[in-house]
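FYI, side chains are in, hydrogens and waters are out, and symmetry mates aren't considered; it's all heavy atoms of this structure.
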Amino acid sequence: MDPAAALTRLGELTTTDSRELDRVCEEVAAALHQAGAEPLFTLAGADFATDPYLICADRYWRLRFLELPTIRTALACAAWLRTHLAAGHRAEVEQRWALGYAFVTKDSVESRRELDEAATDFAGSADLSFFAAVYHAGKLRANFCFDELEDFLSASLLAQAAGRHREDPVFLALRCFAAYGSRRIATAHAAELLERAWSHPRRSRQVVDLCLNALAAAKPFPGDGTLLRERAEEAVELWPRDHIFHFRLATGRSMCGAHEAALDSVDQALALLPATGTRGSHKLLQEQYLVLRNEIRSALTRAAAEAHTARRWEAQEAANRELTRKLETSTMSTVTVLTLFGTVISFVLTSVPLAYAGTLPLTSRLALLAAQAAALLLFAALTITATHLLHRRRTRPTTGER
């Protein structure tokens, strides 16, 4: 198919069926690629859902990258965008294409020598170098090569050739991803980069995605789950139909232990995941979401089992305390009874000889018996009181710090 015929076929499209639109755009893109002809049409905007020209161009360059996933292909793509897309929509399309094509070609990472050679050839254009640098950085990000990504963004010739674009929010977000994942970079530095990218006036949807991905992939640090949850909540509020942001929110909530809310979020992500299109990587994303969903369900099961075990332990401890209390009460009652019984026996054994023997008058013997009974009762009372006081002191609950 020649470029003119491709333009005609796309212009005749009137369907609103997304599957039919994808099918026709895919066929036109494949025909252009097979003929070795780049699209000649001009893109009017950044509508990836309904614009047949943008969808076709997207499919075409995806085929080019899959065929030759190199920096030179990225430079050619950036050059095509510079002449076929209005500047007002260029940043959004460039970021989406560079990071998207990097993801689908992440299994092919070029060497530093290859990168330096390509950078030398295009060193005069900061715009082209920026697109190519984001493309290669996106591969390293997709492969979770944190230290390699940091080295590339800070020291490579290609990144240096991007010039003023090194302060763009997508560049800052990529550096944030590298810093959060690296074991050699302080978390405080990563947090500074996150804040700069997140608060940038030209922050895009892709920048937000990179920041959330950085927090989700970060090495553990205090408050990591809370920070991810809060930033993901902001993203979901701004892009309520974005399945990836709901997935990030589910991750953050799960890290915070809010498993019920996390399950709601991952279910929402699965419901919003589009089932059409080749760039969406539907199957891969669905598998990731289902893995998280299973982890959340397992966490809910563990939490329920732990709560049940905790309730059983609490009930057992309460029963043990009640049994201990009853035993102690019974013991004290036994001590009291035995003391009184011993007192009575002592009084009987000592009073009989005193009552029926000797020559003392009856009144004197009665007085002695009364004194003896009083002494024994006093001894019994002191014994019982001392025993109760010692018991209360031993069983008195401990108080907290003053």
Side-chain angles (χ1 to χ4, degrees), residues 1-86 89-90 92-108 131-132 134-135 138-139 142 205-206 209 241-244 269-289:
M1 178 182 293
D2 61 80
L7 183 62
T8 300
R9 187 174 182 190
L10 292 176
E12 293 173 348
L13 269 176
T14 59
T15 181
T16 58
D17 187 328
S18 61
R19 284 185 288 266
E20 178 65 13
L21 183 63
D22 275 342
R23 185 187 64 80
V24 173
C25 291
E26 191 77 35
E27 289 177 357
V28 173
L32 287 173
H33 179 253
Q34 187 174 3
E38 292 185 356
L40 295 180
F41 47 77
T42 300
L43 304 179
D47 184 0
F48 283 87
T50 62
D51 185 351
Y53 299 101
L54 180 57
I55 295 173
C56 181
D58 185 19
R59 302 294 190 271
Y60 169 81
W61 282 106
R62 182 177 185 274
L63 292 172
R64 288 278 300 268
F65 275 97
L66 289 174
E67 179 185 44
L68 192 63
T70 65
I71 290 299
R72 295 188 182 279
T73 302
L75 292 167
C77 179
W80 185 89
L81 277 174
R82 289 284 149 179
T83 58
H84 292 81
L85 178 61
H89 301 285
R90 194 173 297 156
E92 180 180 354
V93 175
E94 282 183 339
Q95 291 176 22
R96 182 161 177 171
W97 279 15
L99 294 170
Y101 299 144
F103 183 78
V104 298
T105 60
K106 62 182 179 180
D107 57 342
S108 176
F131 182 92
V134 172
Y135 168 68
K139 288 184 180 181
R205 183 262 170 207
Q206 283 69 35
D209 182 37
R241 302 291 300 172
D242 195 303
H243 56 90
I244 291 181
L270 285 165
L272 292 172
L273 183 62
T276 60
T278 57
R279 280 282 313 285
S281 301
H282 176 272
K283 183 178 180 181
L284 178 60
L285 291 172
Q286 187 182 60
E287 289 174 352
Q288 292 180 2
Y289 297 178

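- Rounded to the nearest 0.5 Å, atoms CZ (R90) and CG (L43) are 10.5 Å apart.
- Without hydrogens or angle criteria, W97 side chain to F131 main chain gives no donor-acceptor distance under 3.5 Å.
- Side-chain contact between T70 and T73 is present, with heavy atoms from C-beta onward closer than 4.5 Å.
- Summarising the geometry of D51 relative to G45, their closest heavy-atom pair is OD2-N, 4.4 Å, with the distance given to 0.1 Å.
- In terms of the ring-ring contact (aromatic ring centres under 6.0 Å, His included) criterion, residue partners of Y135 (sequence neighbours excluded) are, by chain and number, F65.
- For E67, the side chain to side chain donor-acceptor pair (under 3.5 Å) partners at least two apart in sequence or on another chain are H33.
- When all heavy atoms are compared, the tightest approach of A132 to L75 is CB-CD2, 3.7 Å.
- In this structure, CD on E94 lies 4.5 Å from CZ on R82, to the nearest 0.5 angstrom.
- Checked against side chain to side chain donor-acceptor pair (under 3.5 Å), T50 has the following partners two or more places apart in sequence or in another chain: D47.
- Rounded to the nearest 0.5 Å, atoms CG (L21) and CD (E26) are 11.0 Å apart.
- Shown here for W80 and P39, the closest heavy-atom pair between the two residues is NE1-O, 2.9 Å.
- For the atom pair CD of Q288 and CD1 of I244, the computed distance is 8.5 Å after rounding to the nearest 0.5 Å.
- Between the CG atom in L54 and the CG atom in L85 there is a gap of 8.0 Å [rounded to 0.5 Å].
- Applying the salt bridge (charged side-chain N to carboxylate O under 4.0 Å, His left out) rule to pairs touching residues 98-107 yields nothing, sequence neighbours excluded.
- When all heavy atoms of H243 and L272 are compared, the closest pair comes out as CB-CB, 3.8 Å.
- Considering only heavy atoms from C-beta on, R62 comes within 4.5 Å of Y101 through its side chain.
- Nearest heavy atom pair, residue G138 against residue A102, reads C-CB, 3.5 Å.
- Taking every heavy atom of both residues into account, A46 and V93 meet most closely at CB-CG2, 3.8 Å.
- Here the CD atom belonging to Q286 is positioned 6.5 Å from the CG atom belonging to L270, to the nearest 0.5 angstrom.
- Shown here are the side chain to side chain donor-acceptor pair (under 3.5 Å) partners of Y60, two or more places apart in sequence or in another chain: R64.
- Remark: D242 pairs with R205 by the side chain to side chain donor-acceptor pair (under 3.5 Å) rule, at least two apart or across chains.
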